[in-house]
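Each remark here refers to the structure printed beneath this line.
Throughout, residue positions are numbered sequentially from 1 according to the sequence presented.
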Amino acid sequence: MSTDVVPDHGVWFRVDNGATAGGVRRVAERLGGQLGLSRERIADLAIVTAEITSNLVKHAREGALLLRPARRDGRAGVELVAIDSGPGMADLTVSSADGHSTVGTLGIGLGAIARQSSRFDAYSRPGRGTVLTAQIWDGPPPAPDWAGGLARPITGEQDSGDGYAVRLVEGRRQVLVCDGLGHGPLAAAATGAAVAAFRSAPAGPPDTVVRHLHAAISHTRGAALAVAEPDAGTGQLHYAGLGNIAAMIVATGERRRGLVSLPGIAGHQRPTVRGYDYPFPPGATLVMHSDGVVDRWDLDDYPGLVARPPLLAAAALLRDAGIRRDDACVLVARVAP
């Protein structure tokens, strides 16, 4: 695909040789200029991108990198997400108290990535691989995100028919996961319409928002979608979904709880929409994903990950549970009391 202008959903790169790595760095520099980053931060972005891609080429298996704009509170930065399937690291030390990581001298460039990034996080296990996220901003970075997601297209396609969105409206924290019917541009158009309608929808509980989305995307081929609203004040999670979007609450010491999505296709037919409420205790995690992610994952297989930034968890689940013969999307959310 053309990378002269990087779309907001970003561009995935398979990084397996030095030539690819050089191309990714040049795209990153263009994106930094597109978003208006200062020369100094574009130079830092180039260093971060070069170090990440070098690590993927030299040390990783099945390395991939997502490069995308990061937009928060009227500001724009660049976000990079790298995933690989091994060999992983046993001595990766991460401090997440302020959203940053402190990395020991590993001899593979992680120190340079951490120093040049506005925010850097990583999670690694020997034999399982590494997931890494970095952001580059002019000035101090925004507050850490309470939700993070990734969408990846089916092999051979440029655009994913799956997608997600996060919003805060009149005190309501809400997330959307959407799976446009089929694959390719028409599926991506359905999801794009749902995301745009979600971001501009009037404030209301998830079932009201889902009804709004159903009406708003009637001109598309339709989609499965779900909206969730974690409410730390009441200790509940409000939820409404149509079609095959999977959603689970994971709480310490409890079996994960699956959430109910009703049959139907948003934008078509006359689906029944109903909202459900679930206990959402302090420290609980919400995981939502499309059917391009198998549901046999278990966060207990990732020691310590449940307490890390949501985007790291989403990246690990996409790597290990996402399937290449379908579009795939994962969103993870966690709200402090």
Which heavy atom of [X] sits nearest to which heavy atom of [Y], and what is that distance?
{"X": "Gly275", "Y": "Asp207", "value": "N-CB, 3.7 Å"}
{"X": "Ile83", "Y": "Ala315", "value": "CG2-CB, 3.9 Å"}
{"X": "Val209", "Y": "Pro202", "value": "CG2-O, 4.4 Å"}
{"X": "Glu157", "Y": "Pro185", "value": "OE1-CD, 4.3 Å"}
{"X": "Gly148", "Y": "Pro310", "value": "N-CB, 3.7 Å"}

Quick one: do [X] and [Y] make a salt bridge, cutoff under 4.0 Å?
{"X": "Arg72", "Y": "Asp145", "result": "yes"}
{"X": "Asp121", "Y": "Arg308", "result": "yes"}
{"X": "Asp320", "Y": "Arg128", "result": "yes"}

Notebook entry, point to check: Quick check: does any side chain N or O of Ser200 sit under 3.5 Å from a backbone N or O of Ala196, one acting as donor and the other as acceptor?
Noted result: yes
Note to self: Treating Arg172 as the side-chain partner and Arg167 as the backbone partner, does any N or O pair qualify as donor plus acceptor under 3.5 Å?
What the structure shows: no
Next item on the list: Just say parallel, tilted or perpendicular for the rings of Tyr123 and Tyr302, cut-offs at 30° and 60°.
Entry: tilted
Decide whether [X] and [Y] meet the rule of one side-chain donor and one side-chain acceptor closer than 3.5 Å.
{"X": "Arg119", "Y": "Thr133", "answer": "no"}
{"X": "Thr285", "Y": "Arg334", "answer": "yes"}
{"X": "Asp162", "Y": "Ser290", "answer": "yes"}
{"X": "Tyr239", "Y": "Ser261", "answer": "yes"}

Check: Can you check whether Val273 reaches Leu242 side chain to side chain, under 4.5 Å on heavy atoms?
Finding: yes
Check whether more than 12 heavy atoms from other residues, nucleotides or ligands sit under 6.0 Å from atom [atom1] of [X], and answer yes or no.
{"X": "Arg324", "atom1": "CZ", "value": "no"}
{"X": "Arg14", "atom1": "CZ", "value": "no"}
{"X": "Arg274", "atom1": "CZ", "value": "no"}

Margin query: Consider side chain to side chain contact (heavy atoms under 4.5 Å, CB included). Of Leu318, Leu80, Val81, which one does Leu66 pass it with?
Written below: Val81
Next item on the list: Could you walk me through whether Leu225 and Val210 pass side chain to side chain contact (heavy atoms under 4.5 Å, CB included), step by step?
Entry: CA-CA 8 Å; Leu225 55 81; Val210 169; 4.0 Å; yes
Checklist line | Worked verdict on Thr191 versus Asp327 for side chain to side chain contact (heavy atoms under 4.5 Å, CB included) | finding: CA-CA 12 Å; Thr191 287; Asp327 298 325; over 6 Å; no
Check: Centre of Trp12's six-membered ring, under 6.0 Å away, within 45 degrees of the axis: is that where NZ or CZ of Arg68 sits?
Finding: no
Notebook entry, point to check: Honestly, is Arg257 close enough over Tyr278, meaning NZ or CZ under 6.0 Å from the six-membered ring centre and within 45° of the axis?
Noted result: no
Next item on the list: Would you please test Trp297 and His289 for side chain to side chain contact (heavy atoms under 4.5 Å, CB included) and show each step?
Entry: CA-CA 11 Å; Trp297 52 266; His289 59 76; 3.1 Å; yes
Check: Quick one: do Trp146 and Trp137 end up in the same hydrophobic cluster if we chain Ile, Leu, Val, Met, Phe, Trp and Tyr together by side-chain heavy atoms under 4.5 Å apart?
Finding: no
